[in-house]
Student: 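This is the structure I want to talk about, given as structure tokens.
Just so it is clear, the structure is predicted and the values come from calculations on it, not from any experiment.
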Number of protein chains: 2
Amino acid sequence: MSKTNFKILEKPKRRRRTPASARREILDAAGRQLTKAGPDGLRLQTIAADLAISHSSILHHFGSRDGLLDALSKDAFAGLERDLKQSFAQPSSGDPATDLFDKIAEILSERGYARLLAWQLMSGRGPGESVAADSAGGAAQSTVGDESETGGLLDRLAPTVHALRLDHARDQGMSAPEIDETRRLLAFTACAVFGEAFAGELMLHASGLPHDTDSRTQFRHWVAKTIETQVFPD
Amino acid sequence: MSKTNFKILEKPKRRRRTPASARREILDAAGRQLTKAGPDGLRLQTIAADLAISHSSILHHFGSRDGLLDALSKDAFAGLERDLKQSFAQPSSGDPATDLFDKIAEILSERGYARLLAWQLMSGRGPGESVAADSAGGAAQSTVGDESETGGLLDRLAPTVHALRLDHARDQGMSAPEIDETRRLLAFTACAVFGEAFAGELMLHASGLPHDTDSRTQFRHWVAKTIETQVFPD
DNA sequence: AGCCCTATTGACAATTTTGTAAATAGTGTT
DNA sequence: AACACTATTTACAAAATTGTCAATAGGGCT
């Protein structure tokens with residue numbers, strides 16, 4: 001048959017990435033899909049389609065779907081910690097504490113970290129691992145101790161914040177707070193910030209408040225301020 | 001050959017449920033799987049296995065997998081609202097507000113509501129969606145218009161709480177707060193309570209605090225108290 | 001008892017998804 | 001230029017998952 005195939009036009013162009021950048025792109029796409037389409041978006045095909053590559057390529061770089069998900073989990077935590085540390089390091093303009101909470105809240109909600117975290121928690125591949133009743137053993141590997149790292153993030157933050165609180169209390173002529181109270185406040189703050197990042201828009205909406213991007217940012221600022229008055233009471 | 005099949009022992013025993021109770025059991029099992037195994041547990045086979053029935057039975061009652069998930073979403077909201085309303089109705093011993101927050105937090109975290117809510121939010125079948133067009137009316141599902149109901153839950157709560165705040169402010173000789181401030185506080189409270197319910201254990205753990213059941217309950221009480229002082233400042 | 005309705009099941013089809021193996025094609029090296 | 005290495009793809013196999021359909025059986029009814 002008159003095969004009208006113009007070999008000239010054929011473009012078997014492949015883009016060849018370095019293993020590192022390939023993994024990065026794939027992880028990014030996976031995170032993107034997760035935050036956009038939810039846990040159901042975490043199919044090899046979906047992710048591959050998002051990058052316009054074949055799913056086999058993903059398997060080549062991560063061995064298996066589970067390998068990818070594990071890497072995604074690890075990567076999310078690494079990224080979160082990196083961004084947080086960077087935020088900690090940056091000089092804050094204005095109220096130091098408020099500004100910090102502000103940044104953290106933004107990091108959590110802006111990039112997909114809140115959803116990534118939620119997914120990890122839900123699918124049981126996160127740091128929490130209540131380890132309640134695992135039917136058939138199986139997953140006994142867990143290459144790295146990410147848990148201890150992240151598990152202690154707030155813990156490592158506690159002394160610093162507590163020192164600030166002690167200073168503050170002295171300045172205000174108040175009695176010195178307990179370290180555990182500071183810990184509780186940190187845990188509470190983390191819960192609130194996470195909740196805001198994950199469900200803030202819904203809650204604003206449910207309260208009858210405007211929930212566009214600007215209002216959301218404004219709300220975040222207000223939340224940061226509110227929490228600050230808890231941690232550093234007048 | 002020597003087929004040692006004792007027909008006497010054969011137990012083709014089927015349990016025949018009413019459609020209502022079948023749906024209920026299936027929805028419960030689905031919720032159970034979701035909170036236990038995460039979104040990946042939401043396979044027809046998994047749910048069916050949990051109930052020791054065939055997956056066809058589920059399809060019979062819900063038409064399709066999506067039908068089940070929709071029903072699960074609706075049911076979760078209905079249940080949450082029911083439990084909340086019941087909690088609202090019950091007389092509170094002690095601080096009314098604190099007690100209420102307390103109960104809400106417990107409801108959210110104890111039963112799987114927090115995770116159900118999170119799943120809904122992530123998979124995009126939550127209430128934040130159908131917000132706009134409620135007047136469509138085409139879908140005459142018997143259940144209820146849960147979205148609109150819940151979407152305005154905090155909104156409908158606002159006047160009540162605000163009245164309390166006005167009274168409180170007068171008693172304390174403070175200037176009257178704005179209604180939007182009350183709304184923001186409600187939204188904030190919702191975020192915090194949800195965050196605590198969903199990730200409280202992790203956060204406690206991350207802060208270096210004990211995270212057993214008792215400590216968790218204690219922490220919830222403390223959170224409730226803390227929030228109360230925000231809503232009703234001294 | 002016999003009959004009807006339908007919840008339930010088992011077997012099967014269709015589609016999706018993960019995984020495997022060999023072929024293809026960039027990229028750097030000699 | 002020829003070669004080696006391997007990222008990438010294509011084609012295919014295997015498993016899992018959803019959905020269909022006819023047969024089975026539980027429970028209410030007369």
Side-chain angles (χ1 to χ4, degrees), chain A residues 5 7-30 33-34 37-73 119 123 125 135-136 138-139 141, chain B residues 5 7-30 33-34 37-73 119 123 125 142:
Chain A
N5 55 352
K7 289 192 174 174
I8 317 165
L9 290 186
E10 283 182 13
K11 41 167 186 178
K13 289 247 181 95
R14 302 181 184 182
R15 188 162 142 238
R16 189 192 177 97
R17 289 148 269 234
T18 73
S21 82
R23 284 176 65 97
R24 178 99 310 278
E25 283 187 32
I26 293 170
L27 285 175
D28 285 344
Q33 284 299 97
L34 177 61
D40 292 335
L42 284 183
R43 307 283 120 155
L44 294 185
Q45 314 254 13
T46 317
I47 300 166
D50 185 83
L51 285 173
I53 65 175
S54 69
H55 79 278
S56 308
S57 203
I58 301 180
L59 286 171
H60 171 69
H61 286 288
F62 294 94
S64 69
R65 175 172 185 266
D66 212 56
L68 169 64
L69 298 192
D70 272 351
L72 176 61
S73 178
W119 165 71
S123 49
R125 66 176 68 240
S135 47
Q141 59 282 54
Chain B
N5 55 350
K7 288 194 175 173
I8 319 165
L9 290 187
E10 283 182 12
K11 41 168 185 177
K13 289 250 181 92
R14 301 181 183 181
R15 184 159 146 240
R16 190 192 177 98
R17 288 149 268 235
T18 72
S21 83
R23 286 176 63 98
R24 178 99 309 279
E25 282 187 32
I26 293 169
L27 285 175
D28 286 345
Q33 285 299 345
L34 177 61
D40 291 336
L42 284 183
R43 306 283 120 162
L44 294 185
Q45 315 254 11
T46 317
I47 300 166
D50 185 82
L51 285 172
I53 65 176
S54 68
H55 79 279
S56 310
S57 204
I58 301 180
L59 286 171
H60 170 70
H61 287 290
F62 294 94
S64 67
R65 176 172 185 265
D66 211 57
L68 169 65
L69 298 192
D70 272 351
L72 176 61
S73 179
W119 165 70
S123 49
R125 67 176 68 241
S142 52

Student: Report yes if a side-chain nitrogen or oxygen of B/R43 is closer than 4.0 Å to either non-bridging phosphate oxygen (OP1 or OP2) of D/dA16; otherwise report no.
Tutor: no
Student: Name all residues meeting the salt bridge (Lys or Arg N to Asp or Glu O under 4.0 Å) criterion together with B/R24; count only those two or more places apart in sequence or in a different chain, and write none if there are none.
Tutor: B/D28, B/D75
Student: Establish, with yes or no, whether the OP1 or OP2 oxygen of D/dT17 is under 4.0 angstrom from a side-chain nitrogen or oxygen of B/R65.
Tutor: no
Student: Calculate the interatomic distance between B/L51 atom CG and C/dA7 atom C1'; express it in whole Å.
Tutor: 14 Å
Student: Closest approach to the side chain of A/Q45, judged atom by atom: which nucleotide of C/dA25, C/dT17, D/dT18 is it?
Tutor: C/dT17
Student: Are any side-chain N or O atoms of A/R23 and backbone N or O atoms of A/H61, one a donor and one an acceptor, separated by less than 3.5 Å?
Tutor: yes
Student: Does B/R15 or B/T46 map to a spot on DNA chain D nearer the 5' end, using the closest nucleotide for each?
Tutor: B/T46
Student: Looking at the base of C/dT20, is there any donor atom on it, or on the side chain of A/S56, that sits under 3.5 Å from an acceptor on the other one?
Tutor: yes
Student: Using whole Å, report how far CG of A/L69 lies from C1' of C/dT17.
Tutor: 13 Å
Student: In whole Å, I'd like the distance from the CG atom of B/L44 to the P atom of D/dG19.
Tutor: 7 Å
Student: May I ask you to say what A/S64 touches in the nucleic acid, namely base, sugar-phosphate or nothing, with a heavy-atom cut-off under 4.0 Å?
Tutor: sugar-phosphate
Student: Between A/T18 and B/D40, which has a closest nucleotide on DNA chain D that is more 5'?
Tutor: A/T18
Student: Can you figure out which of C/dT17, C/dC5, D/dA7 approaches the side chain of B/R16 most closely?
Tutor: C/dC5
Student: Quick one: is B/H55 getting a side-chain N or O under 4.0 Å of the D/dA16 phosphate, OP1 or OP2?
Tutor: no
Student: Hey, what do you get for CG (A/L44) to CD (A/Q33), rounding to the nearest 0.5 Å?
Tutor: 11.5 Å
Student: Please state how far atom CG in A/L59 lies from atom P in D/dT6, giving the value in whole angstrom units.
Tutor: 19 Å
Student: Give the rounded distance in Å between these two atoms: CD1 of A/I26 and P of D/dA7.
Tutor: 11 Å
Student: When the distance from CZ of A/F62 to P of C/dT20 is rounded to whole Å, what number comes out?
Tutor: 16 Å
Student: Would you kindly give the CD-to-C1' distance between A/E25 and D/dT8, to the nearest whole Å?
Tutor: 13 Å
Student: Of all the nucleotides listed (D/dT6, C/dT6, D/dT20), which has the minimum atom distance to the side chain of A/H60?
Tutor: D/dT6
